[in-house]
Number of protein chains: 2
Amino acid sequence: MADVTIVEVGARDGLQNEPEIVSTADKLGLITRMIDAGVRRVEVASFVNPKRVPQMADAEAVIAGLPDRRDVSYIGLCLNKRGVLRAIESREGNKRGVDEAGCVLVASNTFGERNQGQTIDQGIAENREMLRLARENGLVAQVTISAAFGCPFEGYVPPETVVRCVEAMAEAGAEEIALADTIGVGVPAQVTDLFGRVRAAVGDGIRLRAHFHNTRGTGIANAWAAYAAGVNVLDSSLGGLGGCPFAPKAAGNISTEELLFMLDASGVSTGLDLAAAIATNHWFATVMGRTLPSMVAKAGPRPGEYPAANYCV
Amino acid sequence: MADVTIVEVGARDGLQNEPEIVSTADKLGLITRMIDAGVRRVEVASFVNPKRVPQMADAEAVIAGLPDRRDVSYIGLCLNKRGVLRAIESREGNKRGVDEAGCVLVASNTFGERNQGQTIDQGIAENREMLRLARENGLVAQVTISAAFGCPFEGYVPPETVVRCVEAMAEAGAEEIALADTIGVGVPAQVTDLFGRVRAAVGDGIRLRAHFHNTRGTGIANAWAAYAAGVNVLDSSLGGLGGCPFAPKAAGNISTEELLFMLDASGVSTGLDLAAAIATNHWFATVMGRTLPSMVAKAGPRPGEYPAANYCV
């Protein structure tokens, strides 16, 4: 067993804001190469309205093309009951489908209303139904508390609000609960505090996961703080994908290679191979036609491989 | 008193690898604006051979133009005795000059020989003389252990080697000792371990400082680990300057704005104003003719200021 499970979210969160549609084959190439690099949980698509998120219009096609591995758990993101129904449909007949319904509860009334048309309380009610539906149909029922660290409209989110969301989801039978710093505004002290409160609220019986964006440069620091607080499931995207070329203020997820570099160098096992992740980065950069944000893929994983240069201090 | 002292190193470490010479006036503009933003310790120049580092050829001119503030401490970097003599000369007559001789000891034989023509032992002997000279001439005598986390030629540096360097410098009378991750290969667990060893070796009487580069995306995480380990003096450069446009593998110092964002949001006082630092970033980007790496300056310091966009999780 690895010390930390890295959930690769590049094919979903990493791509959803990309204006140029990435082909289904390239999405499957990304997923397959990351499985070959050692990833065992992958967020593969989002069951959203294709008019709102055109990049996810091929969700069912991506899922139909997934490697039929029994040692890999595929996650489909579900923003509402319709999403969970699509996750269930993906498994009907003899289809491989997804293994997990990744539900989403927004911890901010304003953000929730603008994004999903729901207040927090409406979101709690909807997610209760979603988790029940998922569980009754053999899917892993897990949920992410979105905007748990800050909201683009309301500012910092009170920790009490996050704890209330988490308690409601635990009561609703979520098998895993994630805190997501959707807009990348969290800092390590906040991560330590918030996961401490959440763990105290739900006890040891529920698995916690952390989801960070590197919007303000603190994503990797937050990941380390979460690990130090006992969270051993972390989301990341290959290359730090997730920014949007036309919206320079929206930065990507923490990079899988940077997370892996940090954990490797700290003696924390993940089951992933950093060289294979870097090779995947270099391949996917050719797909995207640009260098990806991850710095480890540029600098190389080990100090001895660093080129001589005009260093000083 | 601030909880953490940020030492602004942009005018030295941030610029030294820039191929285009930045004017003395613009360097002074950067230094002055950062003082106006609240910085009280500034690394202003390096006393090196201008043939080796052309960007530092105007060291004496920069120092001659510094604001005559008594509440600010100016640091000149010294790689050898000749450097310390130049630091001393900068104060002769009625000149303001620098306040601190920032000496450098490389914790790797190969790197030391290639960069300064000295083994570790030769470096220890030279730095003993440098610290004595500085002290006898009224300068603050401090030293940075360079390549303390990894060497571009030898790989990871044994912590015992770093502790040996630190002990020698403490014995030689250094008033402050810094550990520098020159090539940006450190991770938080290593930072915690190494500063713990160093503190145990030198006791509480000597001030410790940390100097990180963000080459592999872990710089801000390392800064937080150093702070958590009791280090309350941190180097950073405005905008994360310090990369080299022609050497994409050499990334910059940790960014002053990102460090400040993290400390501000954690309730750790620094005396600096983040909005003023971001304004300086935007001005200096026009000087350099390019966007600087810092992400906070792009995303804005607070979640409420974040623009609405197509978020999801």
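Here is the naming used below: chain letters follow the sequence lines, and residue numbers restart at 1 for every chain.
A cation-pi arrangement is absent between A:R82 and A:F47, since the terminal nitrogen or guanidinium carbon is not both under 6.0 Å from the aromatic centre and inside a 45° cone about the axis.
Between chain B and the options A:T218, A:I254, A:D193, heavy-atom pairs under 4.5 Å are most frequent for A:T218. For the set B:V9, B:I145, B:I220, B:V185, the count of heavy-atom pairs under 4.5 angstrom toward chain A peaks at B:V185.
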*asked:* Set out, in order, the CA-CA distance, both residues' side-chain angles and the distance that settles salt bridge (charged side-chain N to carboxylate O under 4.0 Å, His left out) for A:E18 and A:R290, then state yes or no.
replied: CA-CA 12 Å; A:E18 285 294 332; A:R290 64 170 197 265; 2.6 Å; yes
_Audit row: B:V191, B:F212, side-chain contact (heavy atoms from CB on, under 4.5 Å) steps and yes/no_ = CA-CA 10 Å; B:V191 170; B:F212 295 114; 3.8 Å; yes
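When the side-chain hydrogen bond (donor to acceptor under 3.5 Å, both in side chains) test is applied to A:T110, the partners found at least two apart in sequence or on another chain are A:E154.
Just one of A:D235, A:D13, A:N222 meets the side chain to side chain contact (heavy atoms under 4.5 Å, CB included) condition when paired with A:H213; it is A:D13. For the side chain to side chain contact (heavy atoms under 4.5 Å, CB included) with A:R209, the lone residue among A:I177, A:L234, A:T144, A:V143 that qualifies is A:T144.
In this structure, the portions of A:N214 lying under 4.5 Å from any heavy atom of chain B include both its backbone and its side chain.
Within residues 259-267 of chain B, the residues having any heavy atom closer than 4.5 Å to a heavy atom of chain A are B:F261, B:M262, B:A265, B:S266, listed by residue number.
Side-chain contact between A:S236 and A:N253: absent, with no pair of heavy atoms (C-beta onward) separated by less than 4.5 Å.
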